[in-house]
Amino acid sequence: MLGFRRISTRPHAAGLWSSSLPHSSGLFLSSSPRAAHCAVRCSSTPASVLFAPRRTLSTAAQEDEPLILERRTLKNGSYATVVTLSRPDKLNALDLNMFRAIAKAAEDVAKDRETRVVVLRGAGRAFCSGLDVKSIITNPLKSVESIRKLMQRPEGKLSNLAQDVGYLWRQVPAPVIAVTHGVCFGGGFQIALGADFRFSDKSCKFSIMEGKWGLVPDMSATITLRELVPIDVAKELTMTARIFDAQEAKSLGLVTKLCDDPFEEAMAFCETLSNQSPDAVAGAKQLFNRTYVDTSEEEALKIESELQHELLRGWNVLSSVAKELVFQAL
Amino acid sequence: MLGFRRISTRPHAAGLWSSSLPHSSGLFLSSSPRAAHCAVRCSSTPASVLFAPRRTLSTAAQEDEPLILERRTLKNGSYATVVTLSRPDKLNALDLNMFRAIAKAAEDVAKDRETRVVVLRGAGRAFCSGLDVKSIITNPLKSVESIRKLMQRPEGKLSNLAQDVGYLWRQVPAPVIAVTHGVCFGGGFQIALGADFRFSDKSCKFSIMEGKWGLVPDMSATITLRELVPIDVAKELTMTARIFDAQEAKSLGLVTKLCDDPFEEAMAFCETLSNQSPDAVAGAKQLFNRTYVDTSEEEALKIESELQHELLRGWNVLSSVAKELVFQAL
Amino acid sequence: MLGFRRISTRPHAAGLWSSSLPHSSGLFLSSSPRAAHCAVRCSSTPASVLFAPRRTLSTAAQEDEPLILERRTLKNGSYATVVTLSRPDKLNALDLNMFRAIAKAAEDVAKDRETRVVVLRGAGRAFCSGLDVKSIITNPLKSVESIRKLMQRPEGKLSNLAQDVGYLWRQVPAPVIAVTHGVCFGGGFQIALGADFRFSDKSCKFSIMEGKWGLVPDMSATITLRELVPIDVAKELTMTARIFDAQEAKSLGLVTKLCDDPFEEAMAFCETLSNQSPDAVAGAKQLFNRTYVDTSEEEALKIESELQHELLRGWNVLSSVAKELVFQAL
C-alpha cells in the first residue's frame, strides 16, 4: 500500500517541513527518523507518523488548467486543499486533459505534507457530467487513441488513467470529501465514489451513466460501490443507467450527507477532522481501505495491530509530556 | 466464470442466429469473430459481445413438468423468458423433480441467445414454500437417497443440485428478476436470493426456514445474503427461522422493490432493461457478481477493464456508424 | 476454525455430559462418535453435533474478579450464561485485569457444553467506557509494559489480548448478545461489536473513541465493522471519534435492536433461540462468520455443504423418530 514515511517532530507551520529530515533515536529501536505526534487534540504539533506526504503542493493552477488547487487555512493553522474541477462551460466533463489533471492533482496532494483534508468539487453549475463523449468520439481515429491512453495500464501499476481519477484519492493519506451539486454522472460519479465521503447538495442528480453508451463503469466503481451498497442496488443503477436524485442517493448510502450548502459543511467537517491527530485520521482511512472487502480475519487483525504500533511509536515518545493533557481531557 | 462467446453482427430476429458463426476481422487485432453491438439505445441491432448464449430455448414445458417456460415478446421485439414454478397444489414446494427442473431451466436460459431478461415466479398462491419435507422424509431410505442426490457435488462443479437452483441464476448472462408473492420460504427464498432482483407483493411472507428442521440454509444463501444484508440480520433470521413480512424484507434490503403487482412491474422493468445494450447489461451483472465480496482491488480493477475492453471492441467497430445516433442522444 | 467435537445422544441435563464419549455406529460411515439431535423444536434432547463445548463452566466469580458469570435456566431447562462486566465505579473500564478476565470468560464459555446462549452486559451505570486510560498511562514504564502485554501476539494465535476481548466471542459456538446501556465507548464498543447481536437501551451513547487518543480501533473492530456498515460510516465515526446516540446506532446498523429494557429482551431472545436446535444455531453462526467477507464463492458453497452434512448426520440418525414430530409441525 502506501509507503508512509516517518518524519521529524518540528513544530508545524506552512512550508516549514524540510525535505531532508534529521535522524534521531526514539524510545523504540528503529533506524527510521523519530516519529511523533501529539496524542491529544492539539493543533500546535501535528507532526505525523503515518501521514507524511513529502513535497509541498505545487502552486496555484495556471489559467488553462482544467483544475484549480487552493489551500485553505483552517482555524488551527493547518490546511485543507480544495480541488475544483474547472471546465464550467462543459459541466466539468472529462476529456483527456481533465483526466490527466485530476490524476496529477491526486498524486500531488498525496505527497503534500501540509494537507490535512481534501475537498473535491466542481466549478459552475455541476460537479461533473462525466465523460466528454463528444471530445472522445468526434474523431474515430483520435478516439481509439484516447481510449488506449485511458485504458493502458502502466507496468507495475494497479490502475490505468481512467481508474486513476477515482482510485488515486484512496491513496491520498488525508481524507477526501467530494462535494457534489448539479449533476454527478458517469465518470464524475466514479470520481466522487473514490472520495472517502460525499457531501451533496439536495438538488444534485446522480447516474451510473456508462450503460447509456453500452459500457460498464470502469473507473474504479467496482471497488467503491461494493463498500457502500447492496449488490442489487449496484446492478439496478448500472444496468438502467437511470438518473436518481440526492434524496435517493442518501437513502441508498451513496451520499454520506445531504446538505443545504455542501461546501460549507465540508469545510466545517475539515475543521473537525483537523482537530484530530492527522496520523490517527490517516491510519483510519488506511485501515478500512485495506481491509473492508477481501482481507482475511488473520490479515485484518494483523493490519490493525501494525497500524496501531506505528501510532503508538509516536504516542509513547510523547506520553510523559502528553499525560497532563490527556488527564485534562479525561 | 461464464465463457461468453462473441457473435456476429447480423440483425437481430428470433431464431436468426446460426450456431456456426462467420469469422471476420474487426478494428482490433483479434482472432475471435467480430463482435459488435449498437452503443446507443436501439433495439434493431442488439448483437452482443458478452451476452451470447448459444442455443435456442427448448419449447414449452410438458404437462407433467413442474416448471413452465414462456417467451414474452417485449416492445422492441426482444424476448423475456418467464419461468413459472408450477406445483400450485403444493405451493410449489421443492421435490427432487422440481430441483432438477429448475436447475435445467437455468442452464437452458443461460444458453438461450434470445432471452434478454428472465422473470422467475410461482404459479398459484405462492412463490415457493421451500423444501417439500414430506416428500423427502416420508420414506427414510428414499430420503437418504434424495439427500445424496441433492448434495453430491459433481467433479469439477462448484455447486451441487441443492445449490444449483439458487446459484445457477447467477450464471445466466441476462438479469433475473424473482417475483415473490404468498410465501417465499426456505429453499424458495434461496432461489429468489439467487436472482439479481426481487420484486415482491406487499403481502408476501418470507423465512430462512431451514433452522426449523435443525438445518442451515445450504442452497447458496451463503453467497447471496452477504451481498445484501449486515451479518447480524443474516444470523438472526437464520437462527430463529422466523417468518417476516414483505415490508420488513424491503427495509432489510432482502427485497429490491415492493409492488402492488410485482409481475407487472417486473415486466415493465424487462422493457426498461431491453432498451439497454444487452452486452452492457450482461457485463454489469458479471462485473458485480465476480467482484463484490472477495476480490482484491488489483483483481477488481483488472476485471472492470477487461469487461470494458470486450464492450469497446464492439463499440469501436460501430463507432463511425453510431456517432450520429450518439450525438442525437447527447 | 472451531474444532467442534461430536458428542453422544444422552438426554440433556446440567452436568450430565461425560468427557469420555461412547462410540457407536450411525447411519453414515463415520469413525467419530455418533452424533444426534432432535430436528424439531424439542427441548428434551438437545444433543449436538456442531455445538459441543467440552468443559463445564467454572463456578461463580470470586469477589475481586472484575467479571461475574452466572447461569440462568431457560424455560426448556437449558442454560444461558450471563457475563457481567463488573467494575461499576469505573464504568467497567478496561484495565489489564479486565482484559484478561473477559478473554478468559470467552474461552471458558466456548468450552461450556451447557450454555446455549450468552448475554454480555455491564454492571452499574454503563456497559463499558472503554480503555482505562488512567490505569494504562499513569506510570509511563508500566504503561509500555501494559501495552506490550495487550499487543503481543502469541505464536500461532490470530489475535492478541487487546483483540481477544472482542474477537473471542466470535469463537464461542453459542450466539452472543451484547446488552448495552449508559455508555459503550472505544474498547467497550469493540467488545459489543464482537457479539453476534447488540440489544441497546434507548439512551445508550456510543463512540469509536480511539481517535481521541490519536489511535485507531485495534480490538477487532476491523473485522466486525465491515460486516455491519458501509465504509464511509466506519471512517467517519473512527476519524471523528464522535459520540452518537442509540437511535443513530440503530439506523446505521450498529445496534441490532433498540429496547426499553434490553436485558429483558435479550433474555426473551435467549428463550427463542433455546427452542431451536443448538447445532443449527451454532452452524448458522459459524457459517456466516466464516464466509461473510473474504471467502470465494467456491469455498463458501463448500462450507455450507460441509456444515449441512454435519447437521444431517445427526438429523438422519433420528429421522425415523423425528418424522412424527416433523409432521406435527408441518
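Order of the sequence lines fixes the chain letters, A, B, ..., with proteins taken first and strands second; residue numbering starts at 1 for each chain.
Minimum heavy-atom separation, A:V293 to B:Y292: CG1-O, 3.9 Å. Between B:S277 and A:G214, the closest heavy-atom pair is CB-CA, 3.8 Å. In terms of heavy-atom proximity, B:Q276 sits nearest to A:K212 at NE2-N, 4.2 Å. Taking all atoms of both residues into account, the shortest heavy-atom contact from B:D196 to A:K235 is OD1-NZ, 2.6 Å.
Other residues, nucleotides and ligands contribute over 12 non-hydrogen atoms within 6.0 Å of the CD atom of A:Q247. Applying the 6.0 Å contact sphere to CD of A:Q152 captures no more than 12 heavy atoms from other residues, nucleotides or ligands.
One distance of note links CG of A:D218 with NZ of B:K302; it measures 15.5 Å at 0.5 Å rounding. For the atom pair CG of A:L215 and CD of B:E310, the computed distance is 12.5 Å after rounding to the nearest 0.5 Å. Between A:I231 atom CD1 and B:T224 atom OG1 the span is 10.0 Å, to the nearest 0.5 Å. In this structure, B:Q308 CD and A:T222 OG1 are separated by 9.5 Å, a value rounded to the nearest 0.5 Å.
Looking at A:M239 and B:F197, their side chains come closer than 4.5 Å, going by heavy atoms from C-beta outward. You'll find the side chain of B:S305 reaches within 4.5 Å of the side chain of A:N160, heavy atoms only. A:M151 is listed as a side-chain neighbour of B:L312, based on a closest heavy-atom distance under 4.5 Å. At a threshold of 4.5 Å between non-hydrogen side-chain atoms, the residues A:V216 and B:E304 do not count as touching.
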Q: Would you sort out whether B:L228 and A:D232 count as a side-chain contact (heavy atoms from CB on, under 4.5 Å), showing the intermediate values?
A: CA-CA 7 Å; B:L228 294 172; A:D232 59 343; 3.6 Å; yes
B:T291 vs A:R226, side chain to side chain donor-acceptor pair (under 3.5 Å): CA-CA, chis, key distance, verdict: CA-CA 8 Å; B:T291 61; A:R226 64 186 186 176; 5.2 Å; no
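Of the two parts of A:L225, the backbone and the side chain both hold a non-hydrogen atom closer than 4.5 Å to a non-hydrogen atom of chain B. Using a 4.5 Å cut-off between heavy atoms, A:V233 does not touch chain B at all. Contact annotation for A:E236: both backbone and side-chain heavy atoms come within less than 4.5 Å of a heavy atom of chain B. With a 4.5 Å cut-off on non-hydrogen atoms, B:L301 touches chain A through its backbone and its side chain both. Contact annotation for B:R198: only side-chain heavy atoms (C-beta onward) come within less than 4.5 Å of a heavy atom of chain A.
The pair B:E297-A:R170 meets the salt-bridge criterion, since a charged nitrogen lies less than 4.0 angstrom from a carboxylate oxygen.
The candidate from A:S296, A:S220, A:S159 with the greatest count of non-hydrogen atom pairs under 4.5 Å with chain B is A:S220. Your options are B:V281, B:T295, B:D294, and the one with the most heavy-atom pairs under 4.5 Å with chain A is B:T295.
For the salt bridge (Lys or Arg N to Asp or Glu O under 4.0 Å) test, residues two or more places apart in sequence or in another chain that qualify with A:K157 are A:D164. Judged as a side-chain contact (heavy atoms from CB on, under 4.5 Å), and not counting sequence neighbours, the contacts of A:A126 are A:L91, A:V183.
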